[in-house]
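The structure appears right after this line, and notes come after that.
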Amino acid sequence: MAYDDKTMMTDMLSTQKFIASNYNNYAGECATKRSKGKLMKILSDEHDIQFEIFEKMQAKGWYPTPEAPQDKVNEALQTHQSGVTNLKKTSEKTQKKTTKKK
């Protein structure tokens, strides 16, 4: 069965997303800074490859990215900023509890 260019590019992009996801997990579980640095470099390279594929697909009209309305952009920013704030508060509480135990 012959695949057209769009199908092959879609498969390539999906594969790159899978690869990048795995390297991200591996980098998060490294025991040393040296090994983490090496995996982060590979992860960066994989993201670059993924972006190249995305750009080519987008240029051919195979991966449309419509512009988001400003209210949706603002909503997403607010949601993620509050998530970061909550993570910081949780982290600070955890650090205080850990410090008290010592």
### Message
For the CD atom on E67, are there more than 12 heavy atoms of other groups (residues, nucleotides or ligands in this structure) within a distance under 6.0 Å?
### Response
no
Do the non-hydrogen side-chain atoms of [X] and [Y] ever get within less than 4.5 Å of each other?
| X | Y | value |
| --- | --- | --- |
| I42 | E46 | yes |
| F54 | T65 | yes |
| T85 | K88 | no |
| K38 | R34 | yes |

### Query
So, T79 side chain and E75 main chain: donor-acceptor pair closer than 3.5 Å or not?
yes
### Task
Apply side-chain contact (heavy atoms from CB on, under 4.5 Å) to D5 and W62, showing your working.
CA-CA 10 Å; D5 289 346; W62 297 339; 3.6 Å; yes
What's the shortest heavy-atom distance between [X] and [Y], and which atoms?
| X | Y | value |
| --- | --- | --- |
| V73 | A68 | CG2-CB, 3.9 Å |
| Q58 | Y63 | CG-O, 3.6 Å |
| M57 | L13 | SD-CD2, 3.9 Å |
| L39 | C30 | CD1-SG, 3.3 Å |

What distance separates [X] [atom1] from [Y] [atom2], expressed to the nearest 0.5 Å?
| X | Y | atom1 | atom2 | answer |
| --- | --- | --- | --- | --- |
| S35 | M40 | OG | CE | 11.5 Å |
| T15 | M8 | OG1 | CE | 12.5 Å |
| D45 | Y23 | CG | OH | 9.5 Å |
| E29 | K36 | CD | NZ | 10.5 Å |

### Task
Give a yes or no on whether I53 and I19 share a hydrophobic cluster (residues Ile, Leu, Val, Met, Phe, Trp, Tyr; joining criterion: side-chain heavy atoms under 4.5 Å apart).
no
### Shared hydrophobic cluster for M9 and F51 (ILVMFWY, side-chain gaps under 4.5 Å)
yes
### Task
Scan side-chain atoms only and decide if N74 and Q70 contain a donor-acceptor pair under the 3.5 Å cut-off.
yes
